[in-house]
Chemist: 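So that we are looking at the same thing, I have put the structure below in structure tokens.
Proteins come first, then strands; the chains are lettered A, B, ... in the order of their sequence lines, and each starts at number 1.
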2 protein chains.
Amino acid sequence: MDDGRTPPHPDIAQIPLQLVLEALVDPVRRRIVAELAASDVDIRCGGFGITVSKSTATHHFKVLREAGLIRQYYVGTARMNALRTDDVESAFPGLLDLVAKG
Amino acid sequence: MDDGRTPPHPDIAQIPLQLVLEALVDPVRRRIVAELAASDVDIRCGGFGITVSKSTATHHFKVLREAGLIRQYYVGTARMNALRTDDVESAFPGLLDLVAKG
DNA sequence: TCCTTAGTACGACCACCATCGAACTTCGAT
DNA sequence: ATCGAAGTTCGATGGTGGTCGTACTAAGGA
């Protein structure tokens, strides 16, 4: 399970609303979530329409992951991002729709 | 309508999600919203279980009002606060429930 | 008329967070 | 074996927002 590169992912049921709102209040992070929500496939870190530096992007993905909103895994050097749609919807119903619709 | 003391209240349909999230990311403001959601009656500014100074409280109410979440009106010297439940629910379905449940 | 109560307005301060660049790691391809 | 592409880590910086105290205004009661 733990290949030493896959970061830990929290249990959504135990994430306080505070953490989720802090994650989603940033427009860059909300854009990431919206793009994932609109996509059929997972997206690598470099594949989003965001205009920040790579180090800043890394920071945003970490915040989203620790808030339980995305899952991350490696494919080669690419770090893939998946929206935890069902998890989030069960813990915070309606929230993803709000973000997706903008 | 305008008695010179009643502040302007924005049309909810035109409020960006950004503004609402900025309002709700603060735990003090979320507490205010939660208390209003749990109450049958409107509550004056001094009637909440928050532990900040009066000037800080004024600031929080202003943010909530400008985000379209509450309506404010005067009764004597007391400034009453009412949750705009239906407005918010129609513009951001599910959001108030998340805050109310905490 | 005072005095108290309720809240606002204004500055100042402080902590936090988004941001960046530079240096580094890891993987894949040449 | 090298090189480039993809991210990470670290430290520094700058702006913004939550906080407070003080001074102020408005309303109601003694």
Side-chain angles (χ1 to χ4, degrees), chain A residues 2-9 16 18-36 41-67 69-82 99, chain B residues 2-9 16-36 41-67 69-82:
Chain A
D2 187 355
D3 61 358
R5 277 208 304 162
T6 302
H9 291 83
Q18 181 67 34
L19 209 58
V20 177
L21 291 179
E22 284 172 2
L24 292 179
V25 79
D26 185 279
V28 175
R29 289 193 288 266
R30 220 160 52 241
R31 163 108 189 224
I32 292 172
V33 169
E35 289 194 27
L36 284 173
V41 299
D42 299 345
I43 305 176
R44 69 183 168 77
C45 288
F48 293 86
I50 58 180
T51 56
V52 296
S53 70
K54 286 204 293 178
S55 54
T56 298
T58 297
H59 164 67
H60 285 310
F61 288 114
K62 180 183 178 189
V63 172
L64 287 172
R65 170 169 39 83
E66 293 180 344
L69 297 173
I70 63 171
R71 191 175 342 105
Q72 292 189 294
Y73 58 96
Y74 276 98
V75 174
T77 59
R79 193 167 207 177
M80 304 304 294
N81 301 276
V99 176
Chain B
D2 187 354
D3 60 0
R5 279 208 302 162
T6 302
H9 291 83
L17 178 60
Q18 180 68 33
L19 209 58
V20 176
L21 291 179
E22 284 173 1
L24 291 178
V25 77
D26 184 279
V28 174
R29 289 194 287 266
R30 221 160 52 242
R31 164 106 187 227
I32 291 172
V33 170
E35 289 193 28
L36 283 173
V41 297
D42 299 346
I43 305 177
R44 67 183 170 78
C45 289
F48 294 86
I50 57 181
T51 57
V52 296
S53 71
K54 286 203 293 179
S55 53
T56 299
T58 296
H59 166 67
H60 286 310
F61 289 113
K62 179 183 179 188
V63 172
L64 287 172
R65 171 169 39 85
E66 293 180 344
L69 298 174
I70 64 172
R71 189 174 348 103
Q72 293 190 295
Y73 59 95
Y74 276 98
V75 174
T77 58
R79 192 167 209 175
M80 304 302 297
N81 301 276

Chemist: Please tell me if B/S53 has a side-chain N or O lying less than 4.0 Å from either OP1 or OP2 of D/dT19.
Modeler: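 For B/S53, the contact criterion (side-chain N or O under 4.0 Å from OP1 or OP2 of D/dT19) is not met.
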
Chemist: Could you state the atom-to-atom distance from CD of B/E22 to P of C/dC17 in whole Å?
Modeler: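 Computing the B/E22:CD to C/dC17:P distance gives 15 Å.
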
Chemist: Might you work through the side chain to side chain contact (heavy atoms under 4.5 Å, CB included) test for A/N81 and A/Y73, ending with a clear yes or no?
Modeler: CA-CA 7 Å; A/N81 301 276; A/Y73 58 96; over 6 Å; no

Chemist: What is the separation between atom NZ on A/K54 and atom P on D/dA5, rounded to the nearest whole Å?
Modeler: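 After rounding, the reported distance stands at 10 Å.
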
Chemist: Ignoring hydrogens and angles, tell me if any N or O in the side chain of B/R31 forms a donor-acceptor pair with the backbone of B/G49 under 3.5 Å.
Modeler: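 Indeed, once roles are kept as given, a pair shorter than 3.5 Å links the two residues.
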
Chemist: Between D/dA6, D/dC20, C/dC20, which nucleotide gets closest to the side-chain atoms of B/S55?
Modeler: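 Nearest to the side chain of B/S55 among the choices is D/dC20.
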
Chemist: Name the closest nucleotide to the B/T58 side chain, picking from C/dA18, C/dC20, C/dG7.
Modeler: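 Within the option list, the nearest is C/dG7.
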
Chemist: For B/C45 and A/V63, find the nucleotide of DNA chain C closest to each by heavy atoms; which residue's nucleotide sits nearer the 5' end?
Modeler: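 Between the two, 5'-proximity favours B/C45.
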
Chemist: Please determine, for the side chain of B/R29, which listed nucleotide (D/dT22, C/dA18, D/dG18) has the closest atom?
Modeler: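 Closest nucleotide among those given: D/dG18.
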
Chemist: Check whether any side-chain nitrogen or oxygen of A/R5 sits under 4.0 Å from OP1 or OP2 of C/dC27, and answer yes or no.
Modeler: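 Indeed, a polar side-chain atom of A/R5 lies that close.
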
Chemist: Go nucleotide by nucleotide along DNA chain C from the 5' end; which of A/V75 and A/V25 gets its closest nucleotide reached first?
Modeler: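 Result of the comparison: A/V25.
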
Chemist: Go through it in stages, so that I can follow the logic: the residues are A/R65 and A/H9, the test is side chain to side chain contact (heavy atoms under 4.5 Å, CB included), and I'd like the CA-CA distance, side-chain angles, deciding distance and then a yes or no.
Modeler: CA-CA 7 Å; A/R65 170 169 39 83; A/H9 291 83; 3.6 Å; yes

Chemist: Are the side chain of A/R30 and the backbone N or O of A/L24 linked by a donor-acceptor pair below 3.5 Å?
Modeler: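 Yes: the side chain of A/R30 pairs with the backbone of A/L24.
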
Chemist: Let's see if you can work this out: which of C/dA6, D/dT19, C/dA18 has an atom nearest to the side-chain heavy atoms of A/H60?
Modeler: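 Comparing C/dA6, D/dT19, C/dA18 against the side chain of A/H60, the answer is C/dA18.
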
Chemist: So if I take every side-chain heavy atom of A/T77 and compare against C/dG7, D/dG7, D/dA5, which nucleotide ends up nearest?
Modeler: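 The answer is D/dA5, which lies nearest to the side chain.
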
Chemist: Measure the distance from CD on A/Q18 to P on C/dC16 and round it to the nearest whole Å.
Modeler: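 Distance, rounded to whole Å: 13 Å.
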
Chemist: Separation of A/I32 atom CD1 from D/dG7 atom C1', in whole Å?
Modeler: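 It is 14 Å, rounded to the nearest whole Å.
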
Chemist: Without decimals, in angstroms, what is the distance between B/M80 CE and D/dA27 P?
Modeler: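 These atoms are roughly 17 Å apart.
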
Chemist: Let me know the distance between OH of A/Y74 and C1' of D/dA5, rounded to the nearest Å.
Modeler: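 Rounded to whole Å, this separation is 13 Å.
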
Chemist: To the nearest 0.5 Å, tell me how far B/I70 CD1 sits from B/L64 CG.
Modeler: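 So the gap between those two atoms works out to 5.0 Å.
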
Chemist: To the nearest angstrom, how far is B/L64 atom CG from D/dG17 atom P?
Modeler: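 In whole Å, D/dG17 P and B/L64 CG are 15 Å from each other.
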
Chemist: If you check every side-chain atom of A/H59, which of C/dC27, C/dT19, C/dG7 has the closest atom?
Modeler: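 The answer is C/dT19, which lies nearest to the side chain.
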
Chemist: In whole angstrom, what separates B/K62's NZ from C/dA6's P?
Modeler: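 Checked: the NZ to P distance equals 23 Å.
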
